[in-house]
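Input: a single structure, listed below in structure tokens.
Just so it is clear, the model here is predicted, and its values are computed rather than measured.
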Amino acid sequence: TVRRLDERAKELDKEAGSTACITVFDGKDHVISASVGDSVAFLVAYGKTGEVISATRLKSTLHHPGLQSEKERILKAGGHIDARNRLNGVLA
């Protein structure tokens, strides 16, 4: 799925953008989560009757232009951040 989305994204206008969050559970003991942008994943455990037992946010750092490390990365790549903290005047 990720490869197909990546190929489709190459066809989009350069001003287009998105956030994404993918989480995979192997059915045993491992949860793998990856995100881009300000998307967030939560791991939620349910009881036998459907009640929520716990909820844990899987990623603590969001990638947005106001974050110093993201700002440096964006500027190094030739992008710009406007006064509203929007990337290239379009994306938050």
Side-chain angles (χ1 to χ4, degrees):
T1 300
V2 173
R3 282 190 212 132
R4 291 172 81 188
L5 287 171
D6 189 46
E7 289 302 315
R8 291 268 298 136
K10 291 176 185 176
E11 301 168 7
L12 299 174
D13 181 13
K14 295 290 181 187
E15 295 296 320
S18 68
T19 64
C21 187
I22 299 170
T23 302
V24 178
F25 174 56
D26 71 357
K28 297 176 185 171
D29 298 327
H30 299 94
V31 174
I32 301 167
S33 184
S35 64
V36 176
D38 57 359
S39 57
V40 179
F42 288 85
L43 177 64
V44 180
Y46 295 93
K48 291 182 180 180
T49 60
E51 76 279 10
V52 175
I53 296 172
S54 68
T56 304
R57 185 173 166 173
L58 296 179
K59 181 135 173 113
S60 61
T61 303
L62 299 180
H63 300 276
H64 56 82
L67 187 64
Q68 186 61 34
S69 60
E70 280 298 290
K71 181 177 181 178
E72 291 170 4
R73 185 187 67 77
I74 291 164
L75 296 176
K76 185 177 178 182
H80 68 274
I81 301 166
D82 67 17
R84 299 175 303 147
N85 249 358
R86 297 193 63 82
L87 173 60
N88 297 334
V90 179
L91 302 174

Fill in: Same apolar cluster (I L V M F W Y, side chains within < 4.5 Å links), V40/V44
yes
Practice prompt. Nearest 0.5 Å please: distance from the CD atom of E7 over to the CZ atom of R3.
Written response: 10.0 Å
Discussion item. Could you check whether K28 pairs with D26 (Lys NZ or Arg NE/NH1/NH2 to Asp/Glu carboxylate O, under 4.0 Å)?
Written reply: no
Worksheet item: Which residues satisfy the salt bridge (Lys or Arg N to Asp or Glu O under 4.0 Å) test with R57, sequence neighbours excluded?
Response: none
Discussion item. Would you say that I53 contacts Y46 through its side chain, given a criterion of any heavy-atom pair below 4.5 Å between the two side chains?
Written reply: no
Worksheet item: Only one of K71, E70, K76 clears side-chain contact (heavy atoms from CB on, under 4.5 Å) with R73; which?
Response: E70
Worksheet item: Any idea which heavy atoms bring P65 and I74 closest together, and the distance?
Response: CA-CD1, 4.1 Å
Discussion item. Within this structure, what is the CG-NE2 distance for the pair L75 and H80, rounded to the nearest 0.5 Å?
Written reply: 10.0 Å
Worksheet, complete the sentence: V31 and F25 have their tightest heavy-atom pair at CG2-CD1, 3.7 Å
Fill in: Point-to-point distance, once rounded to the nearest 0.5 Å, from CG of L43 to OG of S33
9.0 Å
